There are 2 protein chains.
Amino acid sequence: MTDTLQRKPVSQVANSDCFTEESLSKLKEIMYEMRAEAGNHLFWEGDAADKLYFLKRGQVKITKASDEGKSFILYVYNTGDLFGQVDPFQNSVHSFNAEVTENSIIGVIQQKDLEVLLWQHGDLAVEFMKWMGLMHRMTQTKFRDLMMFGKPGALCSTLIRLCNTYGKNHGSEIVITKKLTNSELADMIGATRESVNRMLGDLKRANIIAMENNYIVVKDLPYLRDICQCENCPVDMCRI
Amino acid sequence: MTDTLQRKPVSQVANSDCFTEESLSKLKEIMYEMRAEAGNHLFWEGDAADKLYFLKRGQVKITKASDEGKSFILYVYNTGDLFGQVDPFQNSVHSFNAEVTENSIIGVIQQKDLEVLLWQHGDLAVEFMKWMGLMHRMTQTKFRDLMMFGKPGALCSTLIRLCNTYGKNHGSEIVITKKLTNSELADMIGATRESVNRMLGDLKRANIIAMENNYIVVKDLPYLRDICQCENCPVDMCRI
DNA sequence: TTTGTGATGTGATTTTCATCACACTTCCTT
DNA sequence: AAGGAAGTGTGATGAAAATCACATCACAAA
């Protein structure tokens, strides 16, 4: 019932949790490992989209840049997350950029290999379908949150998602164990740094959040949930 | 190369085109048919999400209502489209409403039956995965278009998507063969009716679009594409 | 210690968009 | 033919958010 009980320890949360041990190890068998340094790009818009990526360790952001130089952060993936495009086009290309933001170890899966595996293993195919469905719903609910409740709603939704992804409970407070700049938050919600700064200031003054050595601490989650009409989706879905 | 060559005849475009004849008929075998009248709802937010729907004939809108009574139209599905939620939760519920907007004939697929089918038929599983990937990308690109380019960009993107979904070429012009009210367009882009009305007025005055007995006619597609930094995605992806 | 760099905080101003109010049109219906 | 409902068009006004312009702060590197 309460939000705090629902939250898993932060170390466990990853979207590859959708898979059983066996399925995950089948996937791991067809991966080849690569390392990528912070600052590099895994792929750019327009690159061929024929691979999946399993983030064994590190962080990758999926972004989109506009002509005017603005950047929009669509997803932030962390250790244990699986991501990438699968679609029915022969010469499919990426619509987004994948920016490596921490030194990472990545398992790469070729779409062709994945297809063979799914073709062979019905149980994996079913799990895979559910994983895809979950990722799609995550996108849809984020879309809704960022479109429907103004910039304050978008920010509150994002803070909640950050709690679900990086949150550690300290009594009734939740520490977002990940340093974030105002600019990063702005790019996640399609706002400016200045707007985010002012909104965070408002939330601090109203004692909804606080800063503890540069980490955001959420003191009043129900308030955040109220602003973006949060419906208490499963935490695995309500993520960054 | 040109946009007009890329567009298929409107009668052919449906997201179930992802499937081969055989796969589609396998899916059809596990459907049961139902009829739904315009104005009814296929499902509401909070209803159990354990079915897929194949729209044999008619139209269904996926919407979200805010507390203040505003409505946001996430998708509009038409004859030949397949839709619904698949996810890994045991008691999964819908986050959106499905509103039947034309009298429809719908094939309903139980998730359990689908799972068995995917488990048995590897080729179907692979096609299904690609269909899911396509739908997800459609959501992502729409998300980007509605977030990054202001309300005019959102409108232009939506007009392009409407061309790809309902467009008929008349020489260099494209007739959107579907009547749309300003309010509907507003709900598709998260704007007000008045804003849409003014923006459409601007586009008419600039000779970008025109009205022909209440249908929108696009006279200058490149202009629309420029406003929302359109990248000429596959038409199957760039839809409403 | 100084200097440079990236980040934060904040006022003033402008732009974008929503809201409110109302006239007008179209078309359906009884 | 009259009335009503739904839709369109448009001005005036206000609120939300972006933009611009600096001041300040934190911290790492020289």
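Model, not experiment: these values are computed from the prediction. Hydrogens, waters and symmetry mates play no part in the numbers below; they use all other heavy atoms, side chains included.
Following rounding to the nearest Å, Leu185(A) (CG) and dA17(D) (C1') show an atom-to-atom distance of 17 Å. dA16(D) atom P lies 14 Å from atom CZ of Arg198(A), rounded to whole Å. At whole-Å resolution of the value, CG in Asn213(B) and P in dC27(C) are 10 Å apart. Rounded to a whole Å, the CG atom of Asp202(B) is 12 Å from the P atom of dG11(D). The interatomic distance linking Leu155(A) (CG) with dA18(D) (P) rounds to 12 Å, in whole Å. Rounded to an integer number of Å, the gap from CE of Met199(A) to P of dA16(D) is 12 Å. Between the CE atom of Met211(B) and the P atom of dG7(D) there is a distance of 13 Å, rounded to whole Å. Between the C1' atom of dT8(D) and the CZ atom of Arg193(B) lies a distance of 7 Å, rounded to the nearest Å.
Residue contacts for Thr181(B): at a heavy-atom cut-off of 4.0 Å it reaches the sugar-phosphate backbone alone, with no base atom in range. Looking at heavy-atom distances under 4.0 Å, Gly150(A) makes contact with sugar-phosphate atoms alone, never a base. Within 4.0 Å of Lys179(A), counting heavy atoms only, lies no atom of the nucleic acid at all.
Taken from CG in Leu203(B) to CG in Leu224(B), the straight-line distance is 6.5 Å, to the nearest 0.5 Å. A distance of 11.5 Å separates CG of Leu42(A) from OH of Tyr77(A), quoted to the nearest 0.5 Å.
Residue Asn182(B) has its side chain nearest to dG9(D) when only dG9(D), dT10(C), dA18(D) are considered. Side-chain atoms of Glu194(B) lie closest to dT19(C) of the nucleotides dT19(D), dC27(C), dT19(C).
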Working for side-chain hydrogen bond (donor to acceptor under 3.5 Å, both in side chains), residues Tyr166(B) and Asn78(B) = CA-CA 10 Å; Tyr166(B) 303 110; Asn78(B) 294 284; 2.7 Å; yes

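Using a 4.0 Å cut-off, some side-chain N or O of Asn197(B) falls inside it from OP1 or OP2 of dG9(D). Listed pair Lys204(B) / dG9(D) meets the phosphate criterion, a side-chain N or O lying under 4.0 Å from OP1 or OP2. Contact between the side-chain N/O atoms of Thr192(A) and the OP1/OP2 oxygens of dA17(D) is not found at any separation under 4.0 Å.
A donor N or O paired with an acceptor N or O is not found under 3.5 Å between the base of dT10(C) and the side-chain atoms of Arg205(A).
With respect to Lys61(A), the salt bridge (charged side-chain N to carboxylate O under 4.0 Å, His left out) criterion is satisfied by exactly one of Glu102(A), Glu184(A), Glu99(A): Glu184(A).
Mapping Asn214(A) and Lys151(A) onto DNA chain D via the closest heavy atom, the residue that lands nearer the 5' end is Lys151(A).
Using a 30° and 60° split on the angle between ring planes, Tyr75(A) and His136(B) fall in the perpendicular class, above 60°.
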